Number of protein chains: 2
Amino acid sequence: MEAATNRISKFGIQNLTIKTLAEDIGLSEPALYRHFKSKNEILLNLLEYFQTEMKSRIQSIPFEPSATEGDKLRKIFHSQLQTFSDKPAIVSVIFAESIFHYDDRLSKKVSEIINMMQEFVNANVDTGQKNGTYKKLIGASTITTIIVGAMRMAVLKWKLSGHKSNLVKDGKTVLNGILKMIENK
Amino acid sequence: MEAATNRISKFGIQNLTIKTLAEDIGLSEPALYRHFKSKNEILLNLLEYFQTEMKSRIQSIPFEPSATEGDKLRKIFHSQLQTFSDKPAIVSVIFAESIFHYDDRLSKKVSEIINMMQEFVNANVDTGQKNGTYKKLIGASTITTIIVGAMRMAVLKWKLSGHKSNLVKDGKTVLNGILKMIENK
DNA sequence: TATCTTTGTGAGTGAATACTAACTAATGGT
DNA sequence: ACCATTAGTTAGTATTCACTCACAAAGATA
């Protein structure tokens, strides 16, 4: 999983082949097939590896007792963007719906990961609206779409800049913009 | 261009090969090479074809004299989402940065198209903020990122639903949500 | 009619790439 | 020490795909 991550981070997902992966690990191609029954199986494992990492990382973020829902959201996305910045492979794989379109299990897994992220945000927005820190002008699910969409857009811009722009900083600006509009103060 | 569009709409971009395309047109493979020097050349032409269509369609949308900036934005996105809904191929190609990553000219063209859309939105937000129909709480470029990102998210959800959900309706809900937050009334 | 240009074809090449067959070396339990 | 299981190797196969070669028909022009 780590070799695959590094290969993708450096040369893109198109360059992850059984051959390059085996070389990176220092094994022959058939050796990989002792452990995975197909390349898709490897990709599926990789997605699960990222999903598990993301879930446990986000769930173990410590919040101060005084933290508002907005503060929590800021912390969650800060951690998320910092991780993307460090390991661009995650983005290459998670944002690759168009590549995985041909395989049912892979595209379902990608949807699952996107949904997971959405649920974190949706729960946050819901709580915030209920305890009065967020405005109730718009439904929680719409706000969730806006937040997740805007953050993905920030990531896309970073990708298109060739990872040159500052993802953490730009993402923060966007999130703060949204929070400025929905937070009661 | 039309054959390619239909092929992609029906079977996805992975299924657009010189062979399938030649078959659809009713020509042999070498015949295609009389007109395009490579497959990437075809894809580049396709992107340009979509770009031209988008630009002229958006620029010729009629606005009532009484239309606010919000009304204009609603009309622009309505037209855009309706077009995507009718020809899913456009989305497959324009949202395929991850696939075109390997080719400089293709990925530049995709960036160009995304930038074009952003400029339409940015100009709208800018005007709206200057003439007081939009709030000035957040910078125009941040609002633009939020709007374009949220709309792309709506499109992504539609794609992941297998084009089953109602893109025009769901996109409208999201846009109205954002406008509710930024419009002065 | 003669000839040049454009547009087409059948048959094939070369490279990439996922995957396999047949065999071998290492490991660990009894 | 024996042997079953696990993990590895070399040398392939099969397929897909973009692209090319040598040649032919059709169209335009003189």
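Only a predicted model underlies this, so the values are computations on that prediction, with no experimental measurement involved.
Close to C:dT6, at under 4.0 Å from its OP1 or OP2, lies no side-chain N or O of B:H35.
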For nucleotides 18-24 of chain C, 5' to 3', base contacts (B), sugar-phosphate-only contacts (S) and non-contacts (-) with protein non-hydrogen atoms under 4.0 Å give SBBB-B-

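For A:N40 and A:S38, the side-chain atoms include no donor-acceptor pair closer than 3.5 Å. B:T133 and B:T68 share no side-chain donor-acceptor pair at under 3.5 Å.
In this structure A:H163 satisfies the ring pair (Phe, Tyr, Trp, His ring centres under 6.0 Å) test together with A:W158, sequence neighbours excluded.
Here B:E29 does not pair with B:K19 in a salt bridge; the nearest charged N to carboxylate O distance is not below 4.0 Å. Between A:E97 and A:R152, at least one side-chain N (NZ, or NE/NH1/NH2) sits under 4.0 Å from a carboxylate O, which counts as a salt bridge.
In summary, contact between chain A and DNA chain D, defined as any nucleotide atom under 4.0 Å from a heavy atom of the protein, begins and ends at D:dA7 to D:dA11 in the 5' to 3' direction.
Partner B:K39 forms a side chain to side chain contact (heavy atoms under 4.5 Å, CB included) with one of B:I18, B:L21, B:L32 and no other, that one being B:I18.
Atom pair A:I42:CD1 and C:dT17:P shows a separation of 14 Å (rounding to whole Å applied).
In this structure, A:F50 is a member of the same hydrophobic cluster as A:M1, with clusters built from ILVMFWY side-chain heavy atoms closer than 4.5 Å.
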Show the numbers, then the answer: is there a side-chain contact (heavy atoms from CB on, under 4.5 Å) between B:K87 and B:Q82? CA-CA 9 Å; B:K87 293 190 181 174; B:Q82 188 64 57; over 6 Å; no

